[in-house]
Amino acid sequence: MLKGKQSILVIEDQKSIRLLLNAILRKEFDVTTLSDGLAGMAWLNEGNIPDLILLDMQMPTVDGFQFLKVIKKSGIFSGIPVVVISGNESPLDKETCLSLGASYFLNKPFDPKELLNKIEGLLRPVAA
């Protein structure tokens with residue numbers, strides 16, 4: 001088991017979803033919630049490096065696609081797992097997100113247990 005809580009950055013424009021995700025995750029993780037991709041990029045550029053990012057796709061200013069492209073092209077943030085949570089069930093959006101480097105794509109409404117299982121799987125240290 002890792003010492004201390006691992007950190008998760010939640011980028012979601014809907015306040016109710018941010019609050020829900022914070023409630024689901026805060027017992028096991030340090031959670032930071034932000035309302036759009038621009039705020040997420042600013043937070044990362046301040047030197048914060050989360051263990052995982054939960055990312056909405058449809059947001060004002062900088063959407064999830066733009067955010068994903070930027071962080072996956074950057075050297076320092078490219079290895080952070082990104083779980084996309086989207087209300088858009090388009091197979092093309094899912095394919096695009098995964099091709100841009102997302103680790104997983106989850107449709108809204110989502111099952112909190114599925115989300116936690118996926119997060120734990122992505123953050124679990126690989127046994128040598």
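The first residue in the sequence is number 1, and the count goes up from there.
At a threshold of 4.5 Å between side-chain heavy atoms, the hydrophobic network of Ile, Leu, Val, Met, Phe, Trp and Tyr places Ile80 and Val84 in one connected group. Each of Leu52 and Leu55 belongs to its own hydrophobic cluster when Ile, Leu, Val, Met, Phe, Trp and Tyr are linked at side-chain heavy-atom distances under 4.5 angstrom. Leu116 and Ile17 end up in the same hydrophobic cluster when Ile, Leu, Val, Met, Phe, Trp and Tyr side chains are linked at under 4.5 Å.
For the side chain to side chain contact (heavy atoms under 4.5 Å, CB included) test, residues two or more places apart in sequence or in another chain that qualify with Glu114 are Tyr104, Leu106, Asp111. Listed by chain and residue number, nothing satisfies the salt bridge (Lys or Arg N to Asp or Glu O under 4.0 Å) test with Lys73 (two or more places apart in sequence, or in another chain). Residues satisfying the side chain to side chain contact (heavy atoms under 4.5 Å, CB included) test with Leu100, not counting sequence neighbours, are Phe65, Leu68, Lys69, Thr96. Qualifying side chain to side chain donor-acceptor pair (under 3.5 Å) partners for Asp93, counting only residues two or more places apart in sequence or in other chains: Asn88. A search for side chain to side chain contact (heavy atoms under 4.5 Å, CB included) contacts involving Ser103 returns Pro81, Leu122, not counting sequence neighbours. Checked against side chain to side chain contact (heavy atoms under 4.5 Å, CB included), Leu19 has the following partners two or more places apart in sequence or in another chain: Lys15.
In this structure, Lys5 contributes its side chain and Arg26 its backbone to a donor-acceptor pair below 3.5 Å. A donor-acceptor pair under 3.5 Å is formed between the side chain of Asn48 and the backbone N or O of Trp43. Here the side chain of Asn117 pairs a donor or acceptor atom with the backbone of Lys113 at under 3.5 angstrom. In this structure, Gln14 contributes its side chain and Ser16 its backbone to no donor-acceptor pair below 3.5 Å.
Across every non-hydrogen atom of Val62 and Leu38, the tightest pair is CB-N, 3.5 Å. Of all heavy-atom pairs between Ile24 and Pro112, the closest is CD1-CB, 3.8 Å. Considering every non-hydrogen atom in both Pro50 and Ser7, the closest pair reads CA-OG, 3.1 Å.
When side chains are defined from C-beta on, Ile119 counts as touching Leu54, because their heavy atoms get closer than 4.5 Å. Considering only heavy atoms from C-beta on, Lys108 comes within 4.5 Å of Ile85 through its side chain. Contact check for Leu34 versus Val10: no side-chain heavy atoms found under the 4.5 Å cut-off. Between Glu12 and Met59, every side-chain heavy-atom pair lies at or beyond the 4.5 Å cut-off. Using a 4.5 Å heavy-atom cutoff, the side chains of Lys72 and Val82 are in contact. Annotation: side chain of Leu123 is in contact with side chain of Phe29 (closest heavy-atom distance under 4.5 Å). Looking at Asp56 and Ile11, their side chains never come closer than 4.5 Å, going by heavy atoms from C-beta outward. With contacts defined as side-chain heavy-atom distances shorter than 4.5 Å, the pair Val83/Leu115 qualifies.
For Ile49, the CD1 atom sits in a packed shell: over 12 heavy atoms of surrounding residues, nucleotides or ligands are nearer than 6.0 Å.
Taking OG from Ser90 and CE from Met57, the interatomic distance works out to 12.0 Å, rounded to the nearest 0.5 Å. Within the model, atoms OG of Ser74 and CE of Met41 stand 10.5 Å from one another, a figure rounded to the nearest 0.5 Å. Remark: Lys27 NZ to Asn22 CG distance equals 11.5 Å, nearest 0.5 Å. To the nearest 0.5 Å, atoms CD1 (Ile53) and OG1 (Thr32) are separated by 10.5 Å.
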Exercise. Just do the salt bridge (charged side-chain N to carboxylate O under 4.0 Å, His left out) check on Asp13 and Arg18 with the steps written out, would you?
Key: CA-CA 8 Å; Asp13 64 325; Arg18 282 196 313 270; over 6 Å; no

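Among Asp63, Val70, Ile71, the one residue that satisfies the side chain to side chain contact (heavy atoms under 4.5 Å, CB included) test with Phe67 is Ile71.
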